[in-house]
Amino acid sequence: MSADRLRVILIALLAFAAVLGVVGHKAGSPWIVWVSYACFVVAVAVYLRWRQGIRARVLDREEKTAQGD
């Protein structure tokens, strides 16, 4: 998955989690609040996957550069 696509998914998940959190707190529903926290955790996992992909590309580029010397 491309970095741009993961970034869009991350933003959507964070926005969804924020909306769920507000709705859950306004409604006084612990289940909705729990789902918003779960959505936030998924967003963090997406962020870590995005960072891992970027780091792998940078390290791969550095390795190719070192081999060319």
Side-chain angles (χ1 to χ4, degrees):
M1 204 177 294
S2 72
D4 290 335
R5 188 172 192 173
L6 283 174
R7 191 175 331 153
V8 169
I9 292 170
L10 173 66
I11 291 168
L13 282 171
L14 289 173
F16 185 67
V19 169
L20 276 179
V22 169
V23 168
H25 283 292
K26 293 275 186 187
S29 174
W31 287 102
I32 295 175
V33 173
W34 183 86
V35 171
S36 74
Y37 288 139
C39 188
F40 178 76
V41 169
V42 170
V44 169
V46 169
Y47 171 75
L48 293 174
R49 172 77 174 120
W50 175 70
R51 290 286 299 170
Q52 180 184 22
I54 289 176
R55 187 168 190 206
R57 276 191 302 236
V58 168
L59 291 177
D60 186 45
R61 192 175 332 142
E62 288 176 356
E63 183 178 324
K64 287 179 183 175
T65 304
Q67 289 176 356
D69 289 339

- [ ] If a pair satisfies salt bridge (Lys or Arg N to Asp or Glu O under 4.0 Å) and one of its residues is in residues 15-26, list it, with sequence neighbours excluded.
- [x]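 Non-adjacent pairs meeting salt bridge (Lys or Arg N to Asp or Glu O under 4.0 Å): zero.
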Task: All pairs passing salt bridge (Lys or Arg N to Asp or Glu O under 4.0 Å) where residues 7-23 contributes a residue, at least two apart - done: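 Non-adjacent pairs meeting salt bridge (Lys or Arg N to Asp or Glu O under 4.0 Å): D4-R7.
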Task: Where at least one partner belongs to residues 10-49, residue pairs that pass ring-ring contact (aromatic ring centres under 6.0 Å, His included), sequence neighbours excluded - done: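 Checked against ring-ring contact (aromatic ring centres under 6.0 Å, His included) - neighbours excluded - the pairs reaching residues 10-49 are Y47-W50.
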Open item on the list: With rounding to the nearest 0.5 angstrom, report the CG to OG distance, L20 to S29.
Closed with: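 Here the rounded value is 10.0 Å.
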Open item on the list: Can you tell me which residue among L13, L14, V8 is in a side-chain contact (heavy atoms from CB on, under 4.5 Å) with L10?
Closed with: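 Only one option passes, and that is L14.
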Task: Minimum heavy-atom distance between A17 and S36, given as atom pair plus value - done: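 Scanning both residues completely, I find the closest heavy atoms to be O-CB, 3.4 Å.
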TODO: Quick one: closest heavy-atom pair of L6 and V46, and the distance?
DONE: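 In terms of heavy atoms, the two residues are closest at O-CG1, 3.8 Å.
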